[in-house]
Amino acid sequence: MRRRREELEELHKLGINPYPYNYNVTDSSTSIINSFTDEQPPREVAVAGRIMSIRRMGKASFCHLQDAQGRIQAYLKKDDLGGSYDTFKLLDIGDIIGVEGYVFKTKMGEISIHARKLEILSKSLRPLPIVKEKVDEQGNKTIFDPFSDKELRYRQRYVDLAVNVKVREVFVKRSLILRAMRKFLDERGYLEVETPILQPIYGGAFARPFTTHHNALDIDLYLRIADELYLKRLIVGGYDGVYEFAKDFRNEGMDRSHNPEFTMMELYVAYKDYIWMMNLVEEMVSTVALAVNGTMKWKVGENEIDFTPPWKRISMYDVIKEYTGKDLRDKSEEEIRRFAKELRIEIEPGMGRGSIIDEIFSEKVEAKLIQPTFITDYPVEMSPLAKKHRSEPGLVERFEVMVNGHELCNAFSELNDPIDQRQRFEEQMKLRARGDEEAQVLDEDYLRALEYGMPPTAGLGIGIDRLTMLFTNQDSIRDVLFFPQMKRE
RNA sequence: GAGCCCGUAGCUCAGGGGUAGAGCAUCUGCCUUUUAAGCAGAGGGCCGUUGGUUCAAUUCCAACCGGGCUCACCA
């Protein structure tokens with residue numbers, strides 16, 4: 001680093017501004033490489049990027065420039081650069097430069113830029129980790145000295161991105177996923193909206209919130225754990241369909257699939273039910289799959305997943321029956337409890353019928369559902385915002401989609417009966433009183449909204465981070481978040 | 001929250017009770033089509049922090065800090 005500061009001084013002394021204001025880029029690295037022909041006279045180009053490697057040979061040098069698209073080699077010869085060649089001697093890997101010159105192919109066959117002009121665009125003061133790669137004749141890449149320390153990669157994502165091109169690709173895909181989804185929803189006429197992140201009462205999910213304080217009002221506020229209740233207020237207000245890509249915050253443990261802040265897309269559509277929503281989800285996710293990966297079949301780890309609709313639809317009871325051989329329909333809480341014990345599933349004494357069923361599902365079924373599968377019709381106790389099933393007592397009209405052994409989204413026919421909703425909230429408040437910190441809080445204003453009348457509505461929540469993990473084949477949420485939460489350095 | 005593992009040069013890692021090692025990077029010299037460029041030489045370290053055991057600790061022990069994996073909790 002000291003050396004680099006000296007070089008910076010040298011540049012200043014030579015009257016060169018190491019941090020100029022702009023540069024006129026004419027082409028990107030890959031556009032040059034892809035459009036190369038042996039035409040005469042050769043094409044003149046100007047590219048800018050970060051120096052990723054330098055090979056100096058006395059009075060001539062090669063270096064690789066990396067721009068947003070890829071890499072291209074530049075050939076710098078003293079005869080053609082004169083004084084700037086001495087400037088080049090003051091440059092390092094990591095510096096950002098602009099090179100103007102003509103395109104040619106080297107003896108070794110690499111399309112390169114023969115530099116006529118060189119301009120320093122930003123002097124780097126910290127050494128960048130050097131990642132070397134060798135490409136053999138089959139085109140296989142071997143990486144030497146990878147920048148692989150996860151802690152450093154997450155804490156200094158800018159370095160990770162600069163040095164590990166694959167990482168940049170993951171986030172480009174994340175952006176494509178958002179774009180494809182937004183396009184899909186916009187084409188159907190749904191309105192993208194924004195609702196409060198700071199909420200006086202939190203709701204819409206089971207989770208502990210982050211608390212903050214508003215000084216002027218002198219009130220505590222919560223960072224939202226979901227935007228569900230606000231979006232449904234908008235349906236009460238008369239919109240047909242609303243959606244939001246929402247950053248939600250949950251004050252809970254962190255692991256491979258949980259970060260304290262994460263992104264959820266929630267969608268509510270008036271006059272529809274959960275069966276209609278299943279069709280939409282199938283269509284949306286397969287459309288996104290095609291837009292992002294160009295195929296419906298996508299290999300995640302060992303499993304090839306086929307997103308082609310239609311997906312299997314099976315009720316919670318039936319899928320448990322399929323995987324355990326036991327039909328829990330019409331069974332009492334006591335019978336189900338006994339069955340869970342037979343399966344050696346740990347059951348807390350306070351757990352009700354619904355929770356035990358859910359536990360059996362998580363333990364015995366969930367991980368086995370690899371292909372996209374709708375699990376439908378959940379016990380009412382676990383779903384205080386979902387509408388009672390039209391024909392099955394004790395159940396609600398709810399589904400989750402399981403893919404690769406994990407939940408991908410959650411949806412229901414929304415409960416719009418204000419009296420039923422009040423009772424459900426009251427049930428939750430009882431659980432709360434018994435010490436369940438994640439039970440939901442009664443939201444009087446939300447009830448007031450329902451009392452004005454909400455049309456039948458289908459609602460959906462889909463975890464964007466997990467969807468991205470799926471489509472980019474990453475097994476940690478940290479690898480699909482630019483800046484995952486970390487402890488203080 | 002529990003268990004296991006890790007922390008040594010800018011990066012990736014080896015080592016091991018007696019003044020610290022490699023490759024790449026860096027610096028000097030040579031080299032005008034190289035590509036993990038090459039050749040010759042050089043510099044670079046609070047061995048995560050604090051404490052303990054010891055004549056002596058980077059090494060052994062403990063606590064702490066940070067990270068990873070697994071499990072638990074959790075949508």
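Numbered from 1 within each chain, the chains take letters A, B, ... in sequence-line order.
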*Identify all stems in which RNA chain B takes part, counting only runs of at least 3 consecutive pairs (Watson-Crick or G-U wobble, each distance under 3.5 Å), and give each as one range with another, ordered by first number.*
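Stems (3+ consecutive pairs) listed as B:1-7 with B:65-71, B:10-13 with B:21-24, B:26-30 with B:38-42, B:48-52 with B:60-64.
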Report the nucleotide, chosen from [options], that has the shortest atom-to-atom distance to any side-chain atom of [X].
X	options	result
Asp145(A)	rU32(B), rC24(B), rG68(B)	rC24(B)
Glu110(A)	rG67(B), rU34(B), rU33(B)	rU34(B)
Asp149(A)	rU12(B), rG68(B), rU35(B)	rU12(B)
Ile130(A)	rA25(B), rC11(B), rA36(B)	rA25(B)
Arg3(A)	rU34(B), rC27(B), rC11(B)	rC27(B)
Met57(A)	rU33(B), rU35(B), rU12(B)	rU33(B)
Lys77(A)	rC74(B), rU32(B), rG10(B)	rU32(B)
Lys59(A)	rU35(B), rC24(B), rU32(B)	rU32(B)

By the 4.0 Å heavy-atom rule, please label [X] as base, sugar-phosphate, or nothing.
X	result
Phe147(A)	sugar-phosphate
Arg56(A)	base
Glu438(A)	sugar-phosphate
Ser148(A)	sugar-phosphate
Leu128(A)	nothing
Glu133(A)	sugar-phosphate
Asp255(A)	base
Glu366(A)	nothing
Asp79(A)	base

Any [X] side-chain nitrogen or oxygen under 4.0 Å from OP1 or OP2 of [N]:
X	N	value
Arg208(A)	rC73(B)	no
Arg155(A)	rG67(B)	yes
Lys150(A)	rG67(B)	no
Arg55(A)	rU34(B)	no
Lys132(A)	rA25(B)	yes

Over how many whole Å does the gap from [X] atom [atom1] to [N] atom [atom2] extend?
X	N	atom1	atom2	answer
Ile477(A)	rC74(B)	CD1	P	18 Å
Met382(A)	rC74(B)	CE	C1'	12 Å
Leu90(A)	rC27(B)	CG	P	10 Å
Arg256(A)	rC73(B)	CZ	P	15 Å
Arg4(A)	rU26(B)	CZ	P	8 Å
Arg250(A)	rC73(B)	CZ	P	18 Å
Ile113(A)	rU33(B)	CD1	C1'	15 Å

Using atom [atom1] in both nucleotides, what's the gap between [N] and [M] to the nearest angstrom?
N	M	atom1	result
rU59(B)	rU53(B)	P	15 Å
rA72(B)	rC4(B)	C1'	15 Å
rU28(B)	rU33(B)	C1'	25 Å
rA14(B)	rU54(B)	P	32 Å
rC6(B)	rG48(B)	C1'	11 Å
rG15(B)	rG7(B)	C1'	15 Å
rA9(B)	rG23(B)	P	16 Å
rG10(B)	rU35(B)	P	29 Å

*Relative to the 5' end of RNA chain B, which residue comes earlier, Ser476(A) or Glu252(A), by the nucleotide with the nearest heavy atom?*
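Residue closer to the 5' terminus by nearest nucleotide: Ser476(A).
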*Whichever of Lys134(A) and Phe206(A) has its nearest RNA chain B nucleotide further upstream toward 5'*: Lys134(A)
*asked:* Does the structure place the NZ or CZ of Arg56(A) under 6.0 Å from the centre of the six-membered ring of Phe88(A), at an angle of no more than 45° from the ring's axis?
replied: yes
*Can Arg157(A) be said to sit on top of Phe483(A)'s aromatic six-ring, NZ or CZ under 6.0 Å from centre and within 45° of the ring axis?*
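Pair Arg157(A)/Phe483(A) does not count as cation-pi.
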*asked:* Could you check whether the side chain of Thr106(A) and the base of rU34(B) have a donor-acceptor pair of N or O atoms closer than 3.5 Å, going by distance alone?
replied: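 Donor-acceptor pair under 3.5 Å: yes.
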*Under 3.5 Å, is there an N or O donor on one side and an acceptor on the other linking the side chain of Gln73(A) and the base of rU34(B)?*
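By the distance-only test, yes, there is a pair.
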Basic-acidic side-chain contact under 4.0 Å: [X], [Y]:
X	Y	value
Arg5(A)	Glu9(A)	no
Arg224(A)	Asp248(A)	yes
Asp149(A)	Arg153(A)	no
Lys312(A)	Glu282(A)	no
Arg168(A)	Asp160(A)	no

*Any luck finding a side-chain donor-acceptor pair between Asp443(A) and Tyr202(A) under 3.5 Å?*
no
*For the residue pair Phe62(A) and Tyr75(A), is the inter-centroid distance of their aromatic rings smaller than 6.0 Å?*
yes
*Taking the six-membered ring where the residue is Trp, are the ring centres of Phe171(A) and Phe482(A) under 6.0 Å apart?*
yes
*CZ of Arg174(A) to OG1 of Thr472(A): how many Å apart, nearest 0.5 Å?*
9.0 Å
